[in-house]
2 protein chains.
Amino acid sequence: MSVGIRHDDLRRRNRAMVLGAVRRAGQPSRTEIAAVTGLSNSTISAISADLIAEGILAETKGEIASLKRGRPQVAIALNAKAAAVVSVVLSLDHLSAATIGYSGEVIAQEDRRLHTLSMSEEELLRECVDVIRKVVARSPNAGPVLRIGLAVQGVTDSAARRLLWSPITPHQDIAFADRIEEAFAVPVSVENDCNMIAEALRWRDPERYRSDFIAILLSHGIGMGVMLKGKVFTGTHSSGGEFGHMIHRPGGALCRCGRHGCVEAYAGNYAIWRNANGHDENEQPVDGIGDDDIRAIAERARAAEGPERAAFRTAGEAIGYGLGNLFALIDAAPIALVGVGASAFDLMETSVRQAIAKTVGGLHSEAISFDTEANEMQLTREGSTMQALAFIDTEIFAPQTRDSELVQSSRIA
Amino acid sequence: MSVGIRHDDLRRRNRAMVLGAVRRAGQPSRTEIAAVTGLSNSTISAISADLIAEGILAETKGEIASLKRGRPQVAIALNAKAAAVVSVVLSLDHLSAATIGYSGEVIAQEDRRLHTLSMSEEELLRECVDVIRKVVARSPNAGPVLRIGLAVQGVTDSAARRLLWSPITPHQDIAFADRIEEAFAVPVSVENDCNMIAEALRWRDPERYRSDFIAILLSHGIGMGVMLKGKVFTGTHSSGGEFGHMIHRPGGALCRCGRHGCVEAYAGNYAIWRNANGHDENEQPVDGIGDDDIRAIAERARAAEGPERAAFRTAGEAIGYGLGNLFALIDAAPIALVGVGASAFDLMETSVRQAIAKTVGGLHSEAISFDTEANEMQLTREGSTMQALAFIDTEIFAPQTRDSELVQSSRIA
DNA sequence: TCTTTTTTTTCGAGCCTCGAAAAAAGTGTG
DNA sequence: CACACTTTTTTCGAGGCTCGAAAAAAAAGA
C-alpha cells in the first residue's frame, strides 16, 4: 500500500508546487503564486526566500508596471542559470540535440543526418552520446545539465529507460538511459515521441489541451499520445498507445509490423502510397515514402476523384474506426493531428467522422474536435524539454528526503 | 492546477491511511499498522487513540495469541457499529439490496424480481428507494447508514451520479443518485457493475489482482472493468470500458446496440445463440437468452463438432481481437472472466489466444493469464460494498477541512 | 509631507510527526 | 515467588511547517 505522509514531505511538495506555478506563470508575484497554489502569503514568502537563496528563483527588477497604488508587486522568475537540460530527439535518419536553460530558453542546438536503419546498435548509442557532448560543449555559459531527455519514435519501457522496439532501427531493447548516464552521470529518460507531443501541446495551449486529449502522429507510421487527467497515459509495461497497431480489419492489409489489418496498414504513409498507386494491400510495405510524396498524392487527390482520393478515404476510415474503438474505452476528447498526414486531413475528415459515427464514439460526437499541426519535430522537442525541466523542478530542486541517506549518515556518526 | 498541501491535510491523510490499513489487515496491532504505513509508532498511537475515542476503531481483547515474550500486541479492529452502508445491485429483472456494517459484515438482504425492461423510469426509481427503505428497516441494530452504493449494468457518468444508458431499461440518463439522496439524505454513488467486479477482485485476491488487471463480464452483453495502477479506470465522461462495443469487424454482425460488428455481436449470449442455431448474423438480437440456454449450447458444443462449437470459436475470436486492441493501448494484464460465458471458456480459449497472437498483445503473451468466476452477482455486490466502505473511511471519517465552513463560521462570529 | 493602498515580511500560535525514554504487560528462570 | 528480559504502547520534548495577524515596506494620490 502507499506509504503515510511524513512531515518533511509537506515542504517538499509545496516547494515543487511553487516552482511549477512560476514555470507556468512566467513572472508571477508572490501574491499571485499564493492565489494559484492556495497557500498563504507567509508560506509563499518563506518558500520563495529559500528558493531565491538557493539560486533557483530570482527576483526580476521592475517588470510589473503596476499603475495601481500600493507597494508594487515584485516579479519572480526561474533563474535561467540554475540548471540546464539536454533534449534529444531521435527519428528516422535524424538526430537532434539541444541544450535548454532552466527557464526554457534554447542555448545551443545540433542536428545530424544519419542512417538509422543500417547503423549498428553501438554506432547509434555512440552517435547519441557524441551529439550530446557536442551540444553541451557549445553551451559554456549554461547552468549545470541536470537531466537529459531522449524522445524516440517507437515503444519505450514504462520506466523510460529503454527503447523496446522502434521502426527506425532493426535493433531491439536498446538501453539508451544506462549508456548515456554512464557517459555523463546525469539522469536520463527515454520517452515515446508521441507522448512528448502530448506533453508539449499542454504547455503550448493549456486552454484547449487541458486534462484529457489525444495526439495522433500521422507519418510513416501512426503514433499516439494520450493525456488523461493531466498525465501522460502509458501502458503498464511500455509507453503504450500503439494506436497504429490496433486491428482495424482482422486478416486485412499487410502492416510494416508483419501483422495484418492494423490501422497503420491503411493510414501510414506507405499504406496511402500503396493504395494510391493501385498496389495490392498485401504487398510488402515500402520504406522511404517521404513527406513530399504524401503531399504530392494529396495534391492529386484534391485535383480529381481517383485512387489517390480513395486512398485517403480508406486511411480516414481506418483512423475513424480506431478512434471509435479508443473512445469505447476512454470517451471522446479533443484530438490533435500531427505530422505530414495532418496536412492532408481535409481529404480524410469526412470518412473519419463517418467511421466514428458507426462506433460507440459516435455518441459523444460533440466532444470530438480535430486540430492539425504539421511540424511534429518541434513539438516533440518542446515536450521532451518541458518534461525534463519539470523533472528538475520536482525531483532535484524539491527532492525526497531519503531514508536510506539518513540511515547511512547515522551509521557513519 | 492542483492546490498546495495545507497542514491539516497531513493528519487527514494519515487518518485515512490508518483506516485503510486496518480494513485490509483485519485486526492488526499498532506496531503492524506502523510497519505497513511507514509512519512512526508514536504517530500511530496518537491517531488510533483519536479514532478509538471517536468510536471508529476499537481494541479487541485477547485476540492475538502471541506466544512470544514481551508485552502482547493489542489488536485493533473496525468498530462494526461505527457506520453502515447499503449496497444495491440492479441488473436485468433483478434488484437486490443489502445493509453492511462498517467492518464489512452483511446485516440484512432483500431481493426482488421485477420487469426492468417494461417499467417506467419513475417505477424503477421508486422500487430502488423502496428496497433500500425495506432493508434498512430490517437492520435496526446497525450503525448509521452513511453511504449508499448502486451498481448497475450499463454506462454511468464519471461523477457516478447517473445511469446514462443501460441494456436493462429503455430509459436514458436516470438520476439515481439525486433521487435516492433526496429520499435518505445519504451520499449515493452509481457505478458500473464491471468496475465494481474489478474492485471486488482486488479485495478478494490482492496477490493475483494487484494493481493492473482486467475483469470481463461475459453475459447477455459484454462488459469490462479495468484496474490500472490500483485504480478503476474510467472514461473522461462516463464509466468507460465499453469493451463489448469495440468494433471487431467493420460493417459486421448486428449488435443489440444497433451498430454493426461490435465484439458483443459475436460474443454476447444472444450472439452465441444466434450463431449456434444457424441464424443470420444480421438477424435482430433476441432478448431473454438465459444462462441455462448458454450452458445447454456449451454442452452440445463439448459433445461434438458443429455449429455450437463454431459459435464459441467465433465468440473467442472476437474477444481475442478485442483484447489485442485493448492491449495495444494498455499492455497485457491478467484477466478475470466473470459470468456465464466464463463457464464455457474452455470452448473459447484456443481461439481467444490465437486471435491475441495476431495482435500487438501477442508480444507480451506471458502476461496474459485467464481466471474464471461464474458468479458475477456476488462479486458486484462485494465490490460495491467495499467501495462504499472505503468512501466512508476516506471522505467521512477523515474529512477535508472545509474552507467554506471556516468562512461561514467566521461570518457568523 | 501626509494619507491611502497594496505587497511582502515578521512573529507567535497551533498542529503534526518523530525519536528517545518511560511505562506497561507479558514470559522465562532460578 | 521475585526478578530479569522482551516487546509493545504511551509519553514527552524537539523541530518543522503553515497560518493569521500585525508590522514593515514601497509606491500613488492629495
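Given the structure is predicted, the values throughout are model-derived calculations rather than measurements. Each chain gets a letter, A, B and so on, in the order the sequences are listed, and its residues count up from 1.
- Listed by chain and residue number, nothing satisfies the salt bridge (Lys or Arg N to Asp or Glu O under 4.0 Å) test with A/Asp205 (two or more places apart in sequence, or in another chain).
- Closest to the side chain of A/Ser40, from the set D/dC19, C/dT17, D/dC17, is D/dC19.
- Residue order along DNA chain D, read from the 5' end via each residue's closest nucleotide, puts B/Arg30 first among A/Ile47 and B/Arg30.
- Side-chain proximity of A/Thr43 to C/dT17, D/dT18, C/dT8: nearest is D/dT18.
- The CD atom of B/Glu59 sits 13 Å away from the C1' atom of C/dA24 (whole-angstrom rounding).
- Here C/dG28 is the nucleotide among D/dA28, D/dT9, C/dG28 with the atom lying nearest to any side-chain atom of B/Arg69.
- With sequence neighbours excluded, the residues satisfying ring pair (Phe, Tyr, Trp, His ring centres under 6.0 Å) with A/Phe233 are B/Phe233.
- Under 4.0 angstrom from either OP1 or OP2 of C/dT17 there lies at least one side-chain N or O belonging to B/Asn14.
- Comparing C/dT7, C/dT9, D/dT10 against the side chain of A/Ser45 picks out C/dT9 as the nearest.
- The separation between A/Asp50 atom CG and D/dG16 atom C1' is 12 Å, rounded to whole Å.
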Please list, for nucleotides 21-24 of chain D, all pairs of protein and nucleotide N/O atoms separated by less than 3.5 Å.
none

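- With salt bridges taken as basic N to acidic carboxylate O contacts below 4.0 Å, one links A/Asp393 and A/Arg23.
- One atom, CG of A/Leu10, and another, C1' of C/dC15, lie 11 Å apart when rounded to the nearest Å.
- Within the structure, salt bridge (Lys or Arg N to Asp or Glu O under 4.0 Å) contacts touching residues 35-56 of chain B (residues at least two apart or in different chains) are B/Arg11-B/Asp50, B/Arg15-B/Glu54.
- In this structure, the ring of B/Tyr102 has its center less than 6.0 angstrom from the ring center of B/Phe397.
- A straight line from CG of B/Asp9 to P of C/dC15 spans 15 Å, rounded to a whole angstrom.
- In this structure, CG of B/Asn41 is placed 10 Å from P of C/dG19, rounded to the nearest angstrom.
- Identified under the salt bridge (Lys or Arg N to Asp or Glu O under 4.0 Å) test for residues 71-87 of chain A, with sequence neighbours left out: none.
- Not counting sequence neighbours, the partners of A/Arg204 by the salt bridge (Lys or Arg N to Asp or Glu O under 4.0 Å) test are A/Glu373, A/Glu382.
- Across C/dT8, D/dC19, D/dA28, the shortest atom-to-atom separation from the side chain of A/Leu39 is found for D/dC19.
- Here D/dG15 presents its C1' atom at 13 Å from CZ of A/Arg11, a figure rounded to the nearest Å.
- Look at CZ on B/Arg12: it is 20 Å from P on D/dC17, rounded to the nearest Å.
- Here C/dG19 presents its P atom at 9 Å from CG of A/Asp8, a figure rounded to the nearest Å.
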